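Structure first, commentary second.
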Amino acid sequence: MSFPLLTATAALPAIGAIATAAVPAARRTAAKWTALVFSLATLVLAGVALARFEPGGDRYQLTESHAWIKDFGVRYELGVDGIGVALIGLTALLIPFIVLAGWHDADPLETKSSRWRPTQGFFALILMVEAMVILSFEATDVFLFYVLFEAMLIPMYFLIGGFGDRAHTGSDENAAAQRSYAAVKFLLYNLVGGLIMLAAVIGLYVVAGTFSLSEIAAARANGSFSMATSTERWLFLGFFFAFAVKAPLWPLHTWLPNAMGEATAPVAVLITAVVDKVGTFAMLRFCLQLFPEASKWATPVIVVLALVSIVYGALLAVGQRDIKRLIAYASISHFGFIVLGIFAMTSQGQSGATLYMVNHGISTAALMLVAGFLITRRGSRLIADYGGVQKVAPVLAGTFLIGGLATLSLPGLAPFVSEFLVLVGAFSAYPAAGIVATTGIVLAALYVLVLYQRTMTGPVKAEVKGMADLKVREMAVVLPLIALLLFLGVYPKPLTEIVNPAVQHTMSDVQKKDPQPEVEAAK
C-alpha cells in the first residue's frame, strides 16, 4: 500500500498538539518550539502533496479509503482535487506564521487580577484546529466531513473564550465577559448550522444509501440514482445553511465581528483565513456536486445575499472605530465576493472564488497580524488612540499599508486577480450583480485608506512616541506574506493551473457553460 500522504498531513499537527500539550508547564518556550516544528513539518508534507498532485489527472487524487462504521456505510475516505489541495497548502502555510505571531500571546499575565493562561494549551489548540481543517479539505465521505466540520468548533471555542485579546478598554471582568459572549455566540451559531446539516446528511443517506461522494457520482452518471426535485432542494438548503454560517454570509454573519474582535490577532487570522474557508470550500464540493439542480434553483437568492454581504460588510467597515472589527467586517465583504463567484456559475467566477479564498487568507493574515503587533504595543484597539505611527515605526507602517492595499485589491497584489475574475464571471452571467459588486471595491478603498490615514499619518500622539518598530520575529512573520502577495499578484499561474481543472469538473456537475459574448454582425 502506498504511503497515506493525506492522512499523514492531517495527523502530523494532531500529534504535534498532543506533544505540545504534554510539555511540562514550566517549559513554555519548549512548548512553543514544539508547535512551530510540527507546523513546519506539516507545511513540508503539504508541499509534497502539492508536488504530487497532477492538475490534468483524475478529479480526486492521493485517495485513501477504509471501512470505518460498517453498519452505517461510513468510510474513512480521502481525496483532493485542485481546490482542496490549494486550501491545504494555504492552511499549512499560515499556521507557522500564526504560531510565531502568537509567541507571547499566552504567556502568564503579570497582574494578580488576571488568571494564568496555559501556553501549552494555546498552541496545542491551534495545531488541533489545523489537523481538523486539513482533514475536512480531504474528506470525500459526507459523514466524515460532518464530524470534522463540527469537531473543529471545540478548540476554536476555547481559543476565543480562553485566550482573548489583552488590549481591552474595560476592566478584566468586562473583558472576560466579552470573550465569553463572543465564544458562546460563535459556538451557538455554528452548532445550529451543524445540526441542520446533520438532518440533511441523514436525509442524503436515506435517499442515496451511501455517504461516499465517489459512489453517488458514479450512480448519478450511470443513471441509477436521482432525487426528487423537492427532496434535492430541502437537502441543499440544509447543507447550504451550515456553510453560509461558517462562511460567513449575511444575515448569518453576526458572530464574526465579536469573535475576531475578542480573540488575539493570530486566532482572528485562524478564524477568518483558515476555518471560515471550510464553508466556501464546502459549497463547491458538496452543494454544487451533490445538488446541482437545487444549486441552480437557489442561485438568484444566493447572489442577492452575496451582494448584500459585499456592500453591507464594506459599509460597516467604513464606520468602525475598532481596528480588528473593521478587518472583520471587511472579511464579510470579501466572503460575499467569494460566494458571488461560486454561484455566478461561470468558470471565471469559480476560479476567481477559489483564488480569492487563498489570496484573502494571505492578505488578511498580513493585515491582521501587523495590526496585532500595533495593538500590542499601544494596548488599544481604537483607531482614535493612534496617529503618526509611520514617523516612529516606519517598517510597521509600511507593512500595514501593503496589507491594507492588498485588502482593497490593488493591481499588482494577489487579491486583485481574484476579484477581477469574480467580477468578470459575475458580469457575464448577471450584469446587474456585477455592477452592484463593484461598489465594494470603492468602499474598500475608503475604509482601508481612512484607517491608514488615522493611525499612521498626522501628528505623533504622545502615547505612540516611544513605539518600537517591528522586531526580527515579527518581520519573519510579515515579510514572507508580503512577498507572496507580490509574487501571486504578478504571476498567479501556479495557482490557476491547479485550480482550473477542478473548476471545470464543478461546472460539469451543474451542467453549466460560460455565456458566449454577443457580437453584433458587421454591417
Side-chain angles (χ1 to χ4, degrees), residues 9 12-13 16 32-33 35-51 85-105 123 126-127 129-130 133-134 264-274 277 327 331 355-374 376 393-410 412-418 468-495 498:
T9 305
L12 194 57
K32 298 172 185 178
W33 279 105
L36 181 60
V37 167
F38 272 95
S39 66
L40 290 172
T42 303
L43 177 58
V44 171
L45 282 184
V48 173
L50 275 166
V85 80
L87 292 175
I88 289 170
L90 171 69
T91 302
L93 172 71
L94 291 181
I95 296 300
F97 297 123
I98 289 172
V99 170
L100 270 177
W103 201 252
H104 298 298
D105 284 357
F123 292 101
I126 289 173
L127 291 179
V129 172
E130 178 184 21
V133 169
I134 288 176
T264 64
V267 173
V269 171
L270 189 65
I271 294 169
T272 191
V274 177
K277 298 300 187 298
I327 298 173
S331 290
L355 292 180
Y356 216 131
M357 290 186 228
V358 176
N359 294 333
H360 170 263
I362 299 170
S363 61
T364 300
L367 181 60
M368 178 61 86
L369 293 178
V370 177
F373 298 148
L374 177 70
T376 299
V395 177
L396 189 155
T399 53
F400 189 83
L401 177 61
I402 295 173
L405 293 176
T407 298
L408 63 81
S409 300
L410 184 76
L413 296 173
F416 169 76
V417 180
S418 319
D469 213 335
L470 292 184
K471 301 174 183 178
V472 173
R473 173 181 60 85
E474 294 166 334
M475 287 192 287
V477 171
V478 178
L479 295 183
L481 295 173
I482 290 175
L484 269 174
L485 290 173
L486 292 168
F487 174 75
L488 294 175
V490 298
Y491 190 66
K493 185 178 179 182
L495 267 180
I498 294 173

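Not measured: the values here are computed from a predicted model.
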First locate atom [atom1] of [X], then atom [atom2] of [Y], and finally report the distance between them rounded to the nearest 0.5 Å.
{"X": "D105", "Y": "T264", "atom1": "CG", "atom2": "OG1", "answer": "4.5 Å"}
{"X": "H360", "Y": "T272", "atom1": "NE2", "atom2": "OG1", "answer": "4.5 Å"}
{"X": "M475", "Y": "I482", "atom1": "CE", "atom2": "CD1", "answer": "11.0 Å"}
{"X": "W103", "Y": "E474", "atom1": "CH2", "atom2": "CD", "answer": "13.0 Å"}
{"X": "L481", "Y": "L486", "atom1": "CG", "atom2": "CG", "answer": "11.0 Å"}
{"X": "L12", "Y": "T42", "atom1": "CG", "atom2": "OG1", "answer": "4.0 Å"}

Kindly indicate whether the side chain of [X], heavy atoms from C-beta on, has any atom under 4.5 Å from the side chain of [Y].
{"X": "L410", "Y": "I402", "result": "no"}
{"X": "L401", "Y": "L405", "result": "yes"}
{"X": "T399", "Y": "L479", "result": "yes"}
{"X": "L495", "Y": "L488", "result": "yes"}
{"X": "V370", "Y": "L396", "result": "yes"}
{"X": "L413", "Y": "S363", "result": "no"}
{"X": "I95", "Y": "L270", "result": "yes"}

Minimum heavy-atom distance [X]-[Y], with the two atoms named:
{"X": "F123", "Y": "V99", "answer": "CE2-O, 3.6 Å"}
{"X": "L127", "Y": "G16", "answer": "CD1-C, 3.5 Å"}
{"X": "V477", "Y": "L369", "answer": "CG1-CD1, 3.5 Å"}
{"X": "E130", "Y": "P13", "answer": "OE1-CB, 3.4 Å"}
{"X": "R473", "Y": "L100", "answer": "NH1-O, 2.6 Å"}
{"X": "V417", "Y": "G489", "answer": "CG2-O, 3.9 Å"}

Pairing residues for K277 by the salt bridge (Lys or Arg N to Asp or Glu O under 4.0 Å) criterion, not counting sequence neighbours
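K277 satisfies salt bridge (Lys or Arg N to Asp or Glu O under 4.0 Å) with no residue once adjacent residues are dropped.
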Going through the checks in order, is the side-chain contact (heavy atoms from CB on, under 4.5 Å) test met by V478 and F373?
CA-CA 10 Å; V478 178; F373 298 148; 3.7 Å; yes
Going by side chain to side chain donor-acceptor pair (under 3.5 Å), name the pairs with one or both residues in residues 86-99, residues two or more places apart or in two chains.
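For residues 86-99, and leaving out neighbouring residues, there are no side chain to side chain donor-acceptor pair (under 3.5 Å) pairs at all.
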Stepwise side-chain contact (heavy atoms from CB on, under 4.5 Å) test for M357 and L90
CA-CA 9 Å; M357 290 186 228; L90 171 69; 5.6 Å; no
Steps toward side-chain contact (heavy atoms from CB on, under 4.5 Å) verdict (L43, L93)
CA-CA 6 Å; L43 177 58; L93 172 71; 4.3 Å; yes
